[in-house]
Every structure is written in C-alpha cells, then in structure tokens.
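None of these values were measured; they are calculated from a predicted model. No hydrogens, no waters, no symmetry mates; every other heavy atom, side chains included, goes into these values.
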Amino acid sequence: MSEFFFRDLGQVEELLQRYLRAILPLKRRDRPTFTDYGVFDYADVLDDYAVEYTGAGDETMIEELRSMFTNAVNWDCVGTLYNVHPNLSLHAQVASFVSSFANPNLGQDVSSGQFAATERSLVRIMSELAGWATDGRGIFTFGGKATSLYGVKLALDRHQPDLRRRGLVGRPVVLSTDVGHPCHVEVCNWLGIGEDNCDRLPTTAGVLDPEVLAAALRAHYRSGATPVCIVATGCSTNSHSVDRFAEIADVAGAVAAEFGAVRPWLHVDAVIGWVYLLLARYDFVGNPLDIPEQVATILHNKYRMMADVKFADSFGIDFHKTGFAGYNSSLFLTRHPEILHSIEGGYVESDPMRFSDYSPYLYSLELSRSAHGPVSAWAALRSLGFEGFTRILADQTAGYLRLKQLLGADSRFQVLNRTEESNLVLVTLLPPDLEQVDADTPPDAVARVRALNEQFHRFVIAQHAESASPVFFSISRGYDFDGLQLAPVKLYSFNSHFDRAAAEANYAAIVDLVHRFGRDSAGVGYFNWIEFMQLKDTRGRAAQ
C-alpha cells in the first residue's frame, strides 16, 4: 500500500506531473470554460465516480478527475465576465497545495505549527488597515456567510451575556438593507432569530440614509423588539455602494440612548470592499504609478469610504472574492476580542503568547479548520504586495470605464448603470425601433427587450457548446431598471488581467456575437434581424 501514501519527493513529483499534463492543457487563456459547454443529467454521470471494491489505477484516477472539469469555468480567461470570481494567484494555489502535506488543523497551533502564526499575522495586518491598530482579533472561517454569522452572533452575546446558557430572550431584530446580501436573512434563520426579524431597510442609490435607520430603530424599540445588530454594506456586489459607517454608528448610539438600550452592534459586510483598504499605502498626491486622474479619483474615494470601517464593531473579508485567493478564504474581524473569546466560555491568551497557547477551537464555530484559507490569502498578498494590488485595481477600473464607454456609444446597446463605479456593466440589447428604454417605455416594448436579451443569452450559451465564444457571462433577470425587468446582460470582471485592452477585446467579441446572433436568427423572433443589423450599424453612433 506504500504507493498510495507519501514516501519521497520523486514519488510526488512524478504523480503530480502526470495529473498536470493531463488536465492543465484544458485551461486555455482564450477559452472561458475548460470544455465545450453542455447540460448533463447527474443520473448519467454519478456512476462514473463510483467507489468499487478494488481500487482504481493511476490512469483511471487521472482520467476520472479530468472529466470533473466538464463545464468548469476558467477564471484565468479575461473573457470570463461572470460575477465576482477572480483568477487565482499562482502562489496562492501552489502554497495552499504544498501546505496540505502537513495537513494542519488550525483548531490549535499544536496541530498546525507555525501555520497558525500565518492566520494571526493576517488578522493583525487587516486590523491595522482597518484603523484598529493591533487591537483587532479574528478568525478564518468557511465563507462570507460565516463572517456575517459571527457578526450577528457576537451582537447577540453582547446584548444577552447569558445567551450561551439560557438561549434567546425576547425578540431580537437585525437590520440590513435592500442591497444587502441574502445571507443576512439566512443568518437570522440559522441563529434562531427568525427571517421575519431581519428588517431590510430601503436605500437611496444603494446607500442607507441614517434618518431611515433612525426611524426604523425607534419603531422596533417602541414595538418591544430589541435591535441587536445593524449589517451595513461595505461595497455591494453590483453598484459598489458603501454605507456611511460613522453616521450609522452615531445614529444607532443616539437612538439606543433614547430608550436606555445597548447600542446595536455594527457589522460591515465588506467581503468585496475590504480590498480597497490595501490602498492605504498608496500616495495619491504623488501618484508614483501614474494612475489616470479619473481612475485615481475613483480609487481614492473608495478607499476613504472603506476606511470608515474603523467605526464598526466587526467586518468580514473574502480573500477569494477580491484577493486572488482560492475558495474558500474568509476572515471575520472584530475590535471586541473579549466577546469573540467568550462565545464558548472564557478563552484567554497569554501575553506574550507562546507556542501552544493559541487554541481557537475553544471559541470558534469550527473545530476542524484547514490552513488553506490563511495560506492562500497570505501567498496572494505577500507575492503581490500593496503595489501589485494597487496596479490591478487601477487597471480593472480603467477597464470597466472603457467597456462602458464602448457599449454606451454603440446604438445596439444601452448601458443601464452608467454612473455606478463598479466592476459590473449591465447592458441591454435594443431592438431597431428603440433608441433607449426608460420608465415611459410601453410594456409590450419592455417585453420585447427582455425576450431579446434572454434569446441572445441562450444563443451565447449554445456557442459555448461549440467552443465558438471567447466570452462567458450571465444575464440578470431580477435587475430593476426604472421599475423594469429587462434581463440585461451582466458583465463582471475582477480578473487581474482586465484592463483597457481587455475591455476592447471583450467589446469586439460581444459585437461579433451580436452579428452572429443576427445572422442565425434572421426572420425569427420579434423582428427581422437583418434589418436590425443594417439599421443599427448605420445609425451613426459608432463605438469610439
């Protein structure tokens, strides 16, 4: 049986090379998926991975693993414009893989060696960037949902110090917003608060008005409920909106004082926006990287908004979203370590802490924790440095601005989020008889636009089945534009290679798809596509 377990370096190198030679050729920079795209029934493939009485040989193992890459998305392709999924730092991938040879369990340092110090180092770095000096404490956990779960859990513990023994008392309420992640509601279910007690407050341009918050808090206090936690937005997925954390904290404290209550805990869902804290080290005045003025202004504003996270009680980070680390690599941070450490009783760390003193399993949700999260995050941050991240963020920002410019100047399209400063571009195709869509557009025309986008997306997916599309994206059926549901095309990139040139290449690929769609769909659907193409190409608003 020795061939199945570690013997020496040569054994690992040989087997690893065989796996890589069989699989990595599928990962092409110009192809958004590893294989031709196609729908499959699970019932047809489950037996392919059955475990039999006799073990499989190397070739069988490699071939079966290779087949698992069917339909897998290639995040290294700059034409992959699908939600908040960055490509991975090569150092992050390799460091995480190699760390698995120690198989560390970060439940305590005794079982994980100095890998535990890697976690603590990242906690310290991010605490300092948040403006908490070295006072912050935190823990890597299983995802962004878990970071919000920790935040609400600590809020409950502060409001009910005997929660661990007695359970929930009264009617605790969590306040989130209409642009907040759905997991804010789900966490209320998991913690026994109840989904109905997650109050999703309306926002203006994606931002919570402190006066709206004040009114909601007063209403809850008067109803006999206890507002225990406010989950603010630290860069929303779509619009990159950021709540005003300092004002929220002030309003929450003032209203709570009116009712003689404990101020609601302020947790910031910053799983995307945390990355802009890395800009703290950049000299925006001297601008040594020669970042274009418009781009530098956008980045500086994002940093200044996110820097107010120092007024929060806790916040969450997803290194796997905007930090080029692998799934999953999430960090929960708080400036109240005494509450975090008392979740399960009374965990205490010595000062100075020495090896064998670090045992987070005594307060963490998980007893078994892989080192993948912190190692992957450390490798990405350490190898790129603050300068590397600054360059990438600048290139990405210039890229999405260019993509909006190109699509906005092309009469075949209408960009729906022109004023938003996010990595997302929402764009709808327009039929030949419409210059634009707005709240006054007749319902039948709105229905045609929606059907047009859905038909186009189905066409694009069909192209992937033939390896005939260099771009991969989704549509947003739930996006609300002036009260209209248009199912626009959703183009999103946090790829490290996304810049102006990539934006131009992606624009050209999308236009080519529209032309192919028009030819293949001529005379089919809601209008004549040949007429559509001729009219749109000669309308005089060339994409320059």
Side-chain angles (χ1 to χ4, degrees), residues 6 9 12-13 15-16 19-20 23-24 27 75-76 84-130 134 136-147 150 270-272 274-275 277-278 315-333 340 349 353 355-361 363-389 392 494 496:
F6 179 79
L9 176 62
V12 175
E13 287 181 332
L15 185 60
L16 181 59
Y19 271 99
L20 295 180
I23 293 168
L24 284 192
K27 192 177 182 67
W75 306 114
D76 279 287
V84 194
H85 294 280
N87 53 333
L88 268 66
S89 154
L90 192 60
H91 279 283
Q93 289 178 292
V94 173
S96 174
F97 167 71
V98 174
S99 72
S100 70
F101 280 92
N103 197 25
N105 176 8
L106 286 185
Q108 58 181 349
D109 59 8
V110 172
S111 58
S112 57
Q114 204 158 316
F115 287 106
T118 306
E119 177 176 43
R120 292 300 295 260
S121 176
L122 289 167
V123 168
R124 185 178 66 180
I125 291 168
M126 296 311 303
S127 294
E128 291 173 346
L129 290 174
T134 58
R137 291 292 184 272
I139 190 166
F140 273 79
T141 186
F142 59 80
K145 183 174 180 177
T147 64
Y150 268 102
V271 294
I272 292 176
W274 71 270
V275 71
L277 294 174
L278 300 182
F315 68 101
I317 290 172
D318 276 357
F319 291 104
H320 58 251
K321 277 195 171 71
T322 51
F324 310 107
Y327 278 99
N328 47 32
S329 180
S330 296
L331 174 61
F332 170 77
L333 286 171
L340 174 66
E349 294 175 348
M353 189 166 63
F355 183 73
S356 79
D357 287 346
Y358 185 48
S359 300
Y361 79 90
Y363 62 84
S364 63
L365 177 61
E366 304 140 279
L367 300 181
S368 303
R369 293 193 304 122
S370 167
H372 160 77
V375 169
S376 185
W378 164 80
L381 289 167
R382 184 70 179 91
S383 59
L384 287 168
F386 291 101
E387 179 182 331
F389 272 88
I392 290 171
F494 257 105
S496 65

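- Taking the six-membered ring for Trp and thresholds of 30 and 60 degrees, Phe6 and Phe101 have ring planes more than 60 degrees apart, a perpendicular arrangement.
- No donor-acceptor pair closer than 3.5 Å links the side chain of Asp109 to the backbone N or O of Phe355.
- Side-chain polar atoms of Ser329 and His320 form no donor-acceptor pair below 3.5 angstrom.
- Leu15 contributes atom CG, which lies 9.5 Å from atom CG of Leu20 (distance to the nearest 0.5 angstrom).
- Taken to the nearest 0.5 Å, the CD atom of Gln93 stands 8.0 Å off from the OG atom of Ser376.
- The shortest heavy-atom contact between Ala102 and Phe115 is CB-CE1, 3.8 Å.
- Taking each heavy atom of Ala371 and Pro104 in turn, the nearest pair found is CB-CG, 3.4 Å.
- Atom CG of Leu129 sits about 11.5 Å away from atom CZ of Arg124, to the nearest 0.5 Å.
- Nearest heavy-atom pair across Val271 and Thr322 is O-OG1, 4.0 Å.
- With a 4.5 Å cut-off on side-chain heavy atoms, Thr147 and Ile317 do not count as touching.
- In this structure the side chain of Val375 never reaches within 4.5 angstrom of the side chain of Val98, judged on heavy atoms.
- Nearest heavy-atom pair, Phe315 versus Ala270, reported as atom, atom and distance to 0.1 Å: CD1-CB, 4.1 Å.
- A pairwise comparison of heavy atoms in Asp318 and Ser330 identifies OD1-OG, 2.5 Å as the closest pair.
- Atom NE2 in His372 sits 10.5 Å away from atom OH in Tyr327 (nearest 0.5 Å).
- The residue from Phe324, Phe140, Phe494 that alone fulfils the ring pair (Phe, Tyr, Trp, His ring centres under 6.0 Å) condition with Phe319 is Phe140.
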Evaluate the criterion side chain to side chain contact (heavy atoms under 4.5 Å, CB included) for residue pair Leu331 and Val123; output intermediate values, then yes/no. CA-CA 8 Å; Leu331 174 61; Val123 168; 3.8 Å; yes
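- If you take CH2 on Trp378 and OG on Ser121, they are separated by 9.5 Å, rounding to the nearest 0.5 Å.
- By the 4.5 Å heavy-atom criterion applied to side chains, Glu119 and Ser112 are not counted as neighbours.
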Quick one: do Leu333 and Ser127 satisfy side chain to side chain contact (heavy atoms under 4.5 Å, CB included)? Show the steps, please. CA-CA 7 Å; Leu333 286 171; Ser127 294; 3.9 Å; yes
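- Among all heavy-atom pairs drawn from Tyr363 and Ile139, the shortest one is CE1-CD1, 4.1 Å.
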Under the criterion side chain to side chain contact (heavy atoms under 4.5 Å, CB included), I'd like the reasoning laid out for Asn105 against Tyr361: C-alpha separation, chi angles, the key distance, then a yes or no. CA-CA 10 Å; Asn105 176 8; Tyr361 79 90; over 6 Å; no
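- In this pair, Phe332 and Tyr150 present their aromatic rings parallel. The plane angle is below 30°, not in the 30 to 60° band.
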Step by step, work out the side chain to side chain contact (heavy atoms under 4.5 Å, CB included) result for Tyr358 and Met353. CA-CA 8 Å; Tyr358 185 48; Met353 189 166 63; 4.0 Å; yes
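- Here the straight-line distance linking atom OG of Ser370 with atom CG of Asn103 works out to 8.0 Å at 0.5 Å rounding.
- Remark: Arg120 CZ is packed, more than 12 non-hydrogen atoms of other residues, nucleotides or ligands lying under 6.0 Å away.
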